[in-house]
Amino acid sequence: GGLFFIVYTHKGSGGSGGRLDSVSRIEGDYLCSGEVQRALPILQKAYGDSMHKVLHVGPDSCFVVSKLLRQEETEAWGVEPYDIEDVDSSCKALIRRGSVRVADIKFPLPYRPKSFSLVIVSDALDYLSPRYLNKTLPDLARVSADGIAIFTGLPTQQKAKVADVSKFGRAAKMRSSSWWTKFFGQINLEENESASKKFEQASTKGSYEPKCQIFHLKSLP
């Protein structure tokens with residue numbers, strides 16, 4: 001049978017005030033790394049104990065990791081897939097101690113299988129072609145023990161600025177939920193139905209309206 005994914009889409013232009021509005025600088029817009037920070041309370045309700053050892057993969061990882069580390073009994077690491085520029089002192093400190101590293105996610109990550117309970121990905125897969133997604137997504141599933149939460153842009157969102165292409169290698173490709181669902185099936189990644197249902201319930205109860213598509217996948221066996 002076909003796979004069914006709970007997909008959350010943009011429903012308005014509201015959001016958290018303050019620093020979060022400027023945290024995701026890619027494309028000059030508030031995108032999915034900032035969305036991860038808004039979604040943390042919902043993710044915690046959906047994943048429970050699986051939030052104790054988290055890897056975030058994507059731009060602005062310093063901000064996401066810092067936010068995660070403020071949560072009680074949560075360990076967090078980050079992978080920045082692109083060169084970091086103009087970072088603040090707190091980000092430099094995270095990099096120095098190895099909590100955040102810069103790594104090209106088109107190649108296998110330097111972690112053992114099931115190193116993290118949960119892997120959260122944002123603003124990273126939109127810049128990869130299917131050729132690299134074929135390798136990157138299974139590798140993310142490899143290093144997670146309890147699942148992957150993927151935040152991707154919507155097809156209606158602004159495309160990458162020409163100036164960004166030299167940094168990211170290609171313009172962002174905002175794909176539809178049906179494209180992602182089909183692609184996940186092609187590479188044998190299954191929906192995490194339990195997490196999807198809990199996330200949907202917590203979103204409804206908390207009146208959470210995402211600005212990105214969110215997919216919940218199982219780890220590799």
Side-chain angles (χ1 to χ4, degrees), residues 7-10 13 15-16 19-40 42-43 54-68 76-88 91 94-95 99-107 109 116 118-130 132-133 135-137 139-141 143-144 148-177 179-180 183-184 208-217:
V7 180
Y8 302 85
T9 58
H10 179 235
S13 58
S16 302
R19 191 173 192 180
L20 289 188
D21 290 332
S22 61
V23 86
S24 286
R25 294 177 296 278
I26 295 179
E27 300 184 9
D29 272 331
Y30 178 113
L31 282 183
C32 300
S33 293
E35 189 65 27
V36 170
Q37 298 179 61
R38 286 184 63 232
L40 281 180
I42 310 299
L43 287 168
V54 181
L55 175 69
H56 174 261
V57 178
D60 289 328
S61 213
C62 284
F63 292 106
V64 177
V65 169
S66 294
K67 185 86 171 179
L68 284 164
W77 289 263
V79 172
E80 287 266 4
Y82 311 105
D83 290 338
I84 302 176
E85 299 174 358
D86 302 323
V87 297
D88 59 21
C91 183
L94 288 171
I95 294 169
S99 296
V100 174
R101 67 169 73 202
V102 179
D104 190 338
I105 61 172
K106 294 194 292 290
F107 302 96
L109 294 173
F116 308 95
L118 178 68
V119 173
I120 302 173
V121 192
S122 60
D123 291 328
L125 302 182
D126 297 323
Y127 287 89
L128 296 182
S129 67
Y132 289 114
L133 286 171
K135 300 176 181 179
T136 297
L137 273 168
D139 193 51
L140 295 173
V143 302
S144 66
I148 317 169
I150 298 174
F151 290 66
T152 69
L154 290 158
T156 54
Q157 286 172 331
Q158 178 187 347
K159 297 296 186 291
K161 297 175 183 177
V162 174
D164 288 337
V165 174
S166 61
K167 179 177 179 181
F168 304 119
R170 58 183 278 126
K173 177 73 172 176
M174 305 304 187
R175 302 167 172 109
S176 67
S177 61
W179 188 96
W180 282 112
F183 187 80
F184 295 145
Y208 170 65
E209 298 181 343
K211 297 171 181 293
C212 297
Q213 299 180 103
I214 305 174
F215 302 94
H216 305 271
L217 303 179

field: Point-to-point distance, once rounded to the nearest 0.5 Å, from CG of Leu118 to CG of Leu43
entry: 7.0 Å
- prompt: From Ser99 OG over to Leu55 CG, what is the distance, rounded to the nearest 0.5 angstrom?
  reply: 11.5 Å
What heavy-atom pair brings [X] and [Y] nearest, and what distance separates the two atoms?
X     : Y     : value
Ser61 : Gly78 : OG-CA, 3.3 Å
Gly58 : Pro81 : C-CD, 3.4 Å
Asp88 : Cys91 : OD1-N, 2.9 Å

Is the closest side-chain heavy-atom distance between [X] and [Y] below 4.5 Å?
X      : Y      : value
Gln213 : Pro155 : yes
Ile105 : Leu128 : yes
Ser66  : Leu94  : yes
Ser122 : Glu35  : no
Phe183 : Leu125 : no
Val100 : Glu80  : yes
Ile95  : Arg101 : no

query: Counting distance only, does the side-chain N/O of Asp139 pair as donor-acceptor with the main-chain N or O of Leu109 below 3.5 Å?
result: yes
task: Using the side-chain contact (heavy atoms from CB on, under 4.5 Å) rule, pick out the option among Ile120, Val121, Asp126, Asp123 that qualifies with Phe151.
output: Ile120
- prompt: For the residue pair Phe215 and Phe184, does the interplanar ring angle fall in the parallel (under 30°), tilted (30 to 60°) or perpendicular (over 60°) class?
  reply: perpendicular
